[in-house]
Q: 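Shown below is the structure under consideration.
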Amino acid sequence: MTLVVDNRDRLRGRPGLHALIAGVSHYRHLPEGHGETGTDTYGLKQLSTAATSAFRIYQWLKRRSDHLIAPLSTARLLLSPADEEDEIDESVTPCTWDNFVEAAHEWRADASVNKDDVTFFYFAGHGIIRDKADSVLICDDFAQPRRGALPNVVAFPNIFWGMAPPADTTQPRARRQFYFIDACREFPKELKDFEKLEIQSVFKSELSGTDDRVAPIFQAAISGSEAYASAVEQTLFSIALLDCLNGLAGEAGPENNDGSIPWRVPVFKLSTILDERIEALNERYKTDQKSGLVGMPKDIPIHYLDGPPTVEGTLTVVPEDAKRLINIDVLNSRQSSVWQPTLEQAYPYQGRLTAGSYFVKSTIREPPKPPYSNRISEPKPVTPPNFILKARPADD
Amino acid sequence: MTRVSFTLNYDEMGSWITGVPIEIRRLDLALVERGVSAQQFNLSEGNYFVTSLLPDGRRLFAHAAISGREKMILLSSDPDYESDSNVNNSREYLAIDLLSQYLAKGYAREAAALAQWNYSRITDSNEDQNWVLPTLYTLLRFGELRELADMINQRGQWHQAEFTSADSSVIRGEILARLGRHQQAFSAFLELESRGVPAFTDGLFYAKQRLQIYRHALEMGSLKNEISAYAILGRLQRIAAYQSSGLRIETVLPLSIGLETLGGIFTRIVERNTQLPASKSQIFSTAVDNQSSVEVNVLQGERLMAADNRSLGKFVLREIPPLPRGMPQIEVRFNVDANGVINVSAKDLATGRVEHSILTTSDLSTAEVNQLTEEAELYSESDLAKLKLAEALIRIQALTFQIRNATEHYNLDQKSIQNADDAIRLAEQLVEIDATEEAIEILNIAWNRLLQQVRRIQREVSAEGISAGADFDSDADVQP
């Protein structure tokens, strides 16, 4: 079953979000696949976590349905899991080319009802490029024998341009479109002798109407580079993306009319923090992945948080010698104490604070009287992705 | 309301920085304003956080208590972050460098803010394309469609730089395309035929993706077909296929380019790491008598033999007048622009006839370039052996040709002819067992013996006032 969430009736007349999510770990025509092995496989191998990554993105969308920029209206899921990805129900539709095309057309039709609708596209699996601006998404039945050089693949530009607002204004296509391409973007050596291989289109190309979309494309890998996965968890991109959506890329927006302050994850902040998070994962996994933002991005929110997120960070003492001579108290905006690092803790002090503004209070211990005096800092903002605070007792 | 303006700590950043992107928040972190520090903001009384993120990771920070009618706030490095940032030489922050650096770091919000502010300051006196065009490209990346439409509709006169460059055609074309005015956009992109290739990577990217769509639209009949437009689009699309992820295109040739010459040898014309743009030429000739055409196979790579490198394209120079081998002079010139686009021309210097082809350097990542360079080192010994063999075979071929030519054109005695034939046969047998050095030696001896006779005959003929009709060099040219 491809359509795994259907809230169209419940949301009728209201904007909704239409998701198309695909993840391919098992490739039936690659070596060690369940089908006949193809000849033009370009050295690609089976994957182990792409389907799980897509599944986790789907689970997150479902869980946060009412906190998205528009509530989840439909979700279509195509997964081709590896044998060891037993978390995924076997009844899920595999991401073959035919299934992808069918799901994509249904997805586009759902997204062509209300221009205030939103679309969400995520693909995890193998990917290649034919030139630097390209992105080719490789379906489960890629390398099918006797089917040419690049069978059963999707040219992502065809999806992107196929989702452009049509010249026919009776089809009010969704104007907010989010794309996440969690795949490698390398140029296979075997294709170098070809001018540019044509790929069967998913959507019929047509000239757009006024293209006023907000349509960011978050790419897990910049042109010519690879996207990686932790062999037992998820793709690095999906780990980073979920961390960011869950608050790492959160920020406060302008005050609402009711005086509340919305905390949301906007596109530009997501892009910046996603890069940083992947950089941190690179250090952990010894990889060199570099993500990028292309398409037609604008700085609109994609997800609203429940409130100020929790932020991790460090507190140091300046000068460091003073840490044995002072008590430290971190105060929130109401001057209530929320954190008191002690000498027993590892230094620099690691802590978690709810996003907001804080004061750092340094109080001198007695005896002996050190060459410092009590001091309370100016307010400091604590915002995602992390904070740095410093306790600075005043010089006497 | 208090009118708030900002000043930067010039000791830290250099006095020519006119503005950095800033964000103003209340102490409860509610967003109040975003913009550029050089702008003025109207704020109500209260306390605010003002922050700015520089491309090198430094944060500027101010905790500002706002009251009264006017307030000047000093933005300075955030002392809480100063020890954690990798501070570069801040004097590099010229306005356009700042924009480029934000783009390179992927700081979309900061780049967008800076570009919008830059755009508001564009006047007819801004003569530096380096300032105007990146601003417009950044707006294309991140701007609102209504802002882009304003560039076309309300901005009565564009600056000279915007008007005349290939980039301006792309920018106008892309904006018109987004407005759904495809026929006009199509015409703008066709201007590239006369204006050349965009200087900016973004320009190539937009040109490529739109031209791909318009090619298809021409096929489908949804765009008015103009004579030769289809061919122009095809060419431009191939040119635009070269693009990289930065704003500016690399200016160094990553791998050598050259052409295949006789014996399958890769003859380099422009060496790797040559600063671009670059223009180099070399004279070649024909390999056989009365050769009427030469094929120019343009290659890129670091290996010594043509077959081990990547072919970028081929073209043929025809209608070379019939002349003995080695006589025609064919100048092959490589003009490589800053985008890695190669204009290769082959010109017959006798007739002035020229053929040319526009090619793009290989679409390779840095990792692939490194790999190819490493491969060239790895295989250097075996490549050198192949090269020596190819050169030896060329030498053998040339000597054989000269000997046959001499025996056919001069009235030599039968014994000399027989000796020459024997030498050629022996050389052929030696080549079959890879004894090329020995084959050359045999042929050299045979040739030197013939040469003595030929010179004697030439002297005699010359004395009789008759031209011999053939000239011989002891060394053959390497020919395409």
Side-chain angles (χ1 to χ4, degrees), chain A residues 129-133 157 161 165 167 186-187 189 192-193 195-196 205-213 222-225 251-255 261 263 266-269 271-272 275 290-294 296-299 308 316 318 333 355-357 378-383 387-390 392, chain B residues 25-32 34 47 49 51 53 61 63 78-81 83-84 105-110 112 141-146 177-182 201 204-205 208-209 212-214 216-217 220 222-223 237-238 240-245 310-311 362-368:
Chain A
I129 56 172
R130 294 165 295 165
D131 61 51
K132 287 190 173 178
W161 294 112
E186 285 200 306
F187 192 95
K189 284 180 184 170
K192 286 191 183 350
D193 292 333
E195 175 130 333
K196 182 173 178 180
S205 293
E206 56 186 31
L207 293 176
S208 69
T210 303
D211 197 349
D212 53 355
R213 278 183 291 176
I222 58 169
S223 171
S225 70
E251 66 176 23
E255 185 183 72
I261 299 166
W263 276 83
V267 166
F268 287 171
K269 178 109 186 213
S271 163
T272 301
D275 285 353
K290 176 95 180 79
S291 60
L293 173 68
V294 292
M296 297 179 180
K298 307 280 180 298
D299 205 7
T316 54
V318 181
S333 56
S357 61
E378 287 191 324
K380 284 285 183 179
V382 165
T383 56
F387 67 81
I388 297 171
L389 290 176
K390 290 187 177 170
R392 298 172 191 269
Chain B
R25 293 180 176 276
R26 294 193 322 219
L27 295 200
D28 59 7
L29 301 182
L31 179 66
V32 178
R34 281 205 178 105
N47 282 281
F49 292 131
T51 55
L53 177 62
F61 177 75
H63 167 231
D78 184 346
D80 281 2
Y81 281 83
S83 62
D84 300 289
K105 283 289 281 186
Y107 291 171
R109 177 177 288 162
E110 285 73 14
R141 276 200 204 182
F142 304 123
E144 299 285 342
L145 189 62
R146 60 185 151 76
R178 290 194 197 178
L179 292 170
R181 290 151 64 177
H182 293 288
T201 307
L204 286 169
F205 170 75
K208 182 185 163 297
Q209 70 180 12
Q212 197 164 348
I213 292 169
Y214 290 159
H216 187 72
M220 305 297 291
S222 8
L223 272 180
Q237 197 182 329
R238 282 196 292 281
Y242 181 86
Q243 63 100 25
S244 57
S245 54
R310 175 168 156 66
S311 174
S362 301
D363 229 358
L364 298 173
S365 66
T366 308
E368 287 171 314

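By convention in this document, chain letters (A, B, ...) are assigned in the order of the sequence lines, proteins followed by strands, and residues within each chain are numbered from 1. When reading the values below, keep in mind they use all heavy atoms of this one structure, side chains included, and skip hydrogens, waters and symmetry mates.
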Q: So which part of B/R26 gets closer than 4.5 Å to some heavy atom of chain A, the side chain, the backbone, both or neither?
A: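 For B/R26, the side chain is the part near chain A, not the backbone.
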Q: Given heavy-atom pairs under 4.5 angstrom as the criterion, report whether the side chain, backbone, both or neither of A/P157 touches chain B.
A: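 Neither part, no heavy atoms under 4.5 Å.
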Q: Given heavy-atom pairs under 4.5 angstrom as the criterion, report whether the side chain, backbone, both or neither of A/V294 touches chain B.
A: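 Neither; nothing under 4.5 Å.
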Q: Does any heavy atom of chain A fall under 4.5 Å from the side chain of B/E144, the backbone, both, or neither of them?
A: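 B/E144 touches chain A through backbone and side-chain heavy atoms alike.
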Q: Nearest 0.5 Å please: distance from the CG atom of B/N47 over to the OG atom of A/S333.
A: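 The CG atom of B/N47 sits 12.0 Å away from the OG atom of A/S333.
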Q: Side chain from CB out, backbone as N, CA, C, O: work out which of these in B/A112 comes under 4.5 Å of a heavy atom of chain A, or both, or neither.
A: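 Answer is side chain: those atoms of B/A112 sit under 4.5 Å from chain A.
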Q: Using a cut-off of under 4.5 Å for heavy-atom pairs, which of B/A177, B/G106, B/G143 has the most such pairs with chain A?
A: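 Top option by heavy-atom pairs under 4.5 Å: B/G143.
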Q: What's the spacing between A/K380 NZ and A/F387 CZ if we round to 0.5 Å?
A: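 Going from NZ on A/K380 over to CZ on A/F387, the span is 13.0 Å.
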Q: Report which part of A/P308 has an atom under 4.5 Å of a heavy atom belonging to chain B: side chain, backbone, both, or neither.
A: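 For A/P308, no heavy atom lies under 4.5 Å from chain B.
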Q: Closest heavy-atom contact between A/S291 and A/I222?
A: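 The answer is O-CG2, 3.7 Å.
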Q: For A/E251, enumerate each residue passing the side chain to side chain donor-acceptor pair (under 3.5 Å) test, keeping only those at least two apart in sequence or located in another chain.
A: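 Only B/R34, B/R109 meet the side chain to side chain donor-acceptor pair (under 3.5 Å) criterion with A/E251.
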Q: Kindly compute the distance separating CG (B/L31) from CZ (B/R25), expressed to the nearest 0.5 Å.
A: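 B/L31 atom CG to B/R25 atom CZ measures 4.5 Å (nearest 0.5 Å).
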Q: Tell me, side chain or backbone of B/F49 under 4.5 Å from chain A's heavy atoms, or both, or neither?
A: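 B/F49 touches chain A through side-chain heavy atoms alone.
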Q: So, taking the atom named CG in B/L145 and the one named CE in A/M296, what distance separates them when rounded to the nearest 0.5 Å?
A: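 These two atoms lie 8.5 Å from each other.
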Q: Name the option with the most non-hydrogen atom pairs under 4.5 Å to chain B; the candidates are A/E206, A/K269, A/E186.
A: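 Ranked by heavy-atom pairs under 4.5 Å with chain B, first place is A/K269.
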Q: By side chain to side chain donor-acceptor pair (under 3.5 Å), which residues pair with A/R213, not counting sequence neighbours?
A: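 If we apply the side chain to side chain donor-acceptor pair (under 3.5 Å) test to A/R213, skipping adjacent residues, the hits are A/Q177, A/D211.
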Q: The test is side chain to side chain contact (heavy atoms under 4.5 Å, CB included); show your working for B/Q212 and B/H216 and say whether it passes.
A: CA-CA 6 Å; B/Q212 197 164 348; B/H216 187 72; over 6 Å; no
Q: Heavy-atom distance under 4.5 Å to chain B: side chain of A/S208, backbone, both or neither?
A: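 For A/S208, backbone and side chain are both near chain B.
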Q: Counting heavy-atom pairs under 4.5 Å to chain B, which of A/L293, A/D299, A/L207 comes out on top?
A: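 Of A/L293, A/D299, A/L207, A/L207 has the most heavy-atom pairs under 4.5 Å with chain B.
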